[in-house]
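Remarks on the structure that follows.
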Amino acid sequence: MVSERDVEHIAELADIGITKDELGEFTPQFNEILEYFDLLDSVEGTSPATRDLTNIFRDDTVVPGLSADEALANTPEKEDGFFKAPRVM
Amino acid sequence: MSVLSGTPPVSSDSSIATDPSNDEVIIGLEIHCQLDTSTKLFCGCSTDYRDDGPNTHVCPICLGLPGTLPKVNKKAVEYALKVAKALNCEILEESEFARKNYFYPDLNKGYQITQYDRPLAVRGYLDIEGEDGEKRVRITRVHMEEDPGRLVHKGGTDRPKYTLVDYNRAGIPLIEIVTEPDLRSPKEARRFLNKLRATLEYLGVYDSEKEGSLRVDANISIQPRGWFEREGKGKADRGRAEVKNISSYKGVEKALTFEITRQKNAIRRGQKLESATRHFVETRGVTTASRSKEMEQDYRYFPEPDLRPLRVRSWSDKIVLPELPDARKVRFIREYGFSPTHAATVTGDWRVAEFYDNLPKDLAVSAATATWIADTLLGELNYRDMSISDVPHGHFIELITLIRKDTITDKSGVEVLRSLLDQLKEAGSCEKPSECVKRLNLAKTGGEGLEPVISEVLAEQPQAVSDYASGKSEAFNFLIGQVMKKTRGRVDPTELNRVMRETLDSRGP
């Protein structure tokens, strides 16, 4: 069972501000989702066969990427070709 | 990756004052090196970003855009395996990538792809020259991960206003090497790093001249002598500091030395040292407390669902390692007649060792040439903050040949070298050594050329001449000094001594 304290902690880690009301709203939702997984766990003999697929590689060959303009196209805040983010120090 | 344990209950003997002289320093390192591949770890973006503007070497994958999938660079895995093998590690039969979740602008996806409980390799070692002879430093693990982006803090260093982010560096393949707490002094830590750097460069997987290609975190605590060995952990009131953000070889020694002083002072004042994360401020040479409670992270690692595991242990058998620093050192002693000290210096840097190996054989097999490289050249380069790669190989061969052929004295050779290095530093190019000798008028004066200068000096110094005649030996050295002064060191001292002695003695008493 996830407690309100857990939800608060996860919100902190993700740097998302949530209100007391939202805590009350989200905590049961978290638990509902987790209950689905409990349900899946209870089903016997149907754990998905792990595909024996390993060592998927690509060669060390340069492929053209995006231009700086394209890279920055979706960001609301930019400066001199950089993404602009809040103060972190 | 490190686990900061909580503080256990204070042990019963913590009140007993410990004799500070009977303490020892316990150091472990975590080293991050950029692997020198052409493309990033999970996408085809070029890693050659250093001269380019921000966010010019990016694509949807390394920008972490939704719907993209990472794909592992095979060469990066091969490089990492070479490192693991050279560090005598055990390669895991199956290893996998994991997500390390944290919220910080240097990570665009909100997680870093790294390795956690199934790293590439574990339990290796690297032998170094320790404080008391050869020392084996145990390697805990070697794993691969992606480099985060680069942050620029704007608007004042103390309290920046905002942060700028450049993702050119995001996704560059890194290898993280973690040591056991086996190092006992900042000097040993530096030697370990030098040896590690040399090894990685010999392997051809790392370029130490690329800015920001190495970062080190150091764990350090001061323990009563023998405690750590006996208990397998630090004393409760001697918490360790994890010093982050060390980005140069010199920085490591500086940061550790500062941290030792800080911890020793705290111990002397009877303070309890809590385990804490500290930040190295290179410009000031100090470590500062991080806001540890806020920084403390719960990374919620889990296996990276977008990547399949690696099964590469068998590859390692096919890797043929090149000659590594220790083997080369032995060869230089045997092949070129190096002293052990000079051999350690020259082979301790891959570029210097290559430079030496590429000298013509007759010049290379010479104690004089070894001294010239190990002492003179490296000293002059270090003084100017230059690298051996700045030195034109042909010019150096010419200079050594001029000295070898007695065209100039050793002392003049140093003068030529200094002038050439200054030119290189200023303009990026320099004249030929022979031109420099001509310009500075350094060609050796000997035989015939010496006599006029000696006659001149003897004529100028009648007092010294008669002092010599009356048996005062200091007068001889004085006269030699006068000739040296006039010729600015261009004469061969042995030759000068001989001719001077002959001239004076032929005058009779």
Side-chain angles (χ1 to χ4, degrees), chain A residues 1-18 26 30-31 33-34 36-37 40-41 47-89, chain B residues 37-39 42-48 52-63 65 71-78 94 96 101-106 108 110 149-155 157-167 297-300 307-312 315:
Chain A
M1 280 289 277
V2 169
S3 68
E4 289 200 357
R5 179 71 210 108
D6 293 328
V7 176
E8 214 176 344
H9 178 60
I10 291 162
E12 245 170 59
L13 291 175
D15 203 18
I16 296 169
I18 52 173
F26 292 153
F30 267 68
N31 281 314
I33 294 166
L34 289 170
Y36 283 121
F37 285 95
L40 287 173
D41 280 345
S47 58
T50 44
R51 283 185 301 160
D52 192 20
L53 202 56
T54 56
N55 294 351
I56 311 297
F57 296 117
R58 62 176 180 83
D59 289 333
D60 188 26
T61 313
V62 175
V63 177
L66 300 173
S67 69
D69 282 345
E70 287 170 320
L72 292 160
N74 290 331
T75 186
E77 298 271 358
K78 53 194 143 190
E79 185 175 303
D80 302 331
F82 289 90
F83 290 88
K84 203 169 163 185
R87 172 172 62 84
V88 288
M89 272 184 82
Chain B
T37 52
S38 305
T39 66
F42 300 119
C43 64
C45 287
S46 159
T47 54
D48 187 14
D52 296 325
N55 299 303
T56 52
H57 291 246
V58 292
C59 74
I61 294 174
C62 59
L63 284 175
L65 299 187
K71 200 166 178 189
V72 181
N73 181 343
K74 190 175 180 187
K75 177 146 274 165
V77 178
E78 288 167 352
E94 184 166 297
E96 71 180 359
N101 299 279
Y102 66 86
F103 191 84
Y104 206 65
D106 64 356
N108 33 40
R150 182 175 66 97
L151 300 182
V152 182
H153 306 285
K154 295 294 269 194
T157 44
D158 282 343
R159 202 173 166 72
K161 285 199 178 68
Y162 57 93
T163 307
L164 295 180
V165 196
D166 170 15
Y167 290 117
Q297 293 287 350
D298 170 0
Y299 292 125
R300 294 158 294 151
L307 293 166
R308 299 300 304 164
L310 304 173
R311 295 181 75 94
V312 291
W315 293 12

>> For chain A, which candidate among Val77(B), Leu307(B), Val165(B) shows the most heavy-atom pairs at distances under 4.5 Å?
In response: Val165(B)

>> Looking at chain A, which one of Asp48(B), Val58(B), Ile61(B) has the largest number of heavy-atom pairs inside 4.5 Å, strictly under?
In response: Val58(B)

Would you check if [X] and [Y] make a side-chain contact, meaning some heavy-atom pair closer than 4.5 Å?
{"X": "Arg308(B)", "Y": "Asn55(A)", "answer": "no"}
{"X": "Phe57(A)", "Y": "Glu78(B)", "answer": "no"}
{"X": "Val63(A)", "Y": "Cys45(B)", "answer": "no"}

Interchain contact, [X] with chain A, by part (heavy-atom threshold 4.5 Å):
{"X": "Cys43(B)", "value": "backbone"}
{"X": "Glu96(B)", "value": "neither"}
{"X": "Tyr167(B)", "value": "side chain"}

>> Taking every non-hydrogen pair under 4.5 Å, which of Pro64(A), Ala85(A), Gly81(A) racks up the most with chain B?
In response: Ala85(A)

>> Among Glu79(A), Glu77(A), Arg87(A), exactly one meets side-chain hydrogen bond (donor to acceptor under 3.5 Å, both in side chains) together with Tyr162(B). Which residue is that?
In response: Glu79(A)

When rounded to the nearest 0.5 angstrom, what distance separates [atom1] in [X] from [atom2] in [Y]?
{"X": "Arg58(A)", "Y": "Asn73(B)", "atom1": "CZ", "atom2": "CG", "value": "4.5 Å"}
{"X": "Asp298(B)", "Y": "Ile10(A)", "atom1": "CG", "atom2": "CD1", "value": "8.5 Å"}
{"X": "Asp59(A)", "Y": "Lys71(B)", "atom1": "CG", "atom2": "NZ", "value": "9.0 Å"}
{"X": "Leu310(B)", "Y": "Thr54(A)", "atom1": "CG", "atom2": "OG1", "value": "8.5 Å"}
{"X": "Asn108(B)", "Y": "Phe83(A)", "atom1": "CG", "atom2": "CZ", "value": "8.0 Å"}
{"X": "Leu63(B)", "Y": "Leu66(A)", "atom1": "CG", "atom2": "CG", "value": "6.0 Å"}

> Under 3.5 Å, is there a donor-acceptor pair between the Asp60(A) and Thr39(B) side chains?
Replying inline: yes

> chain B heavy atoms under 4.5 Å from Ala14(A): which part of the residue, side chain, backbone, both or neither?
Replying inline: backbone

>> So for Asn74(A), is it side chain, backbone, both, or neither that comes closer than 4.5 Å to the heavy atoms of chain B?
In response: neither

Return the minimal non-hydrogen interatomic distance between [X] and [Y], and the atom names on each side.
{"X": "Val62(A)", "Y": "Ser46(B)", "value": "CG1-CB, 3.9 Å"}
{"X": "Gly65(A)", "Y": "Cys59(B)", "value": "CA-CB, 4.1 Å"}
{"X": "Ala68(A)", "Y": "Pro54(B)", "value": "CB-O, 4.0 Å"}

>> More than 12 heavy atoms of other residues, nucleotides or ligands under 6.0 Å from NZ of Lys74(B): yes or no?
In response: no

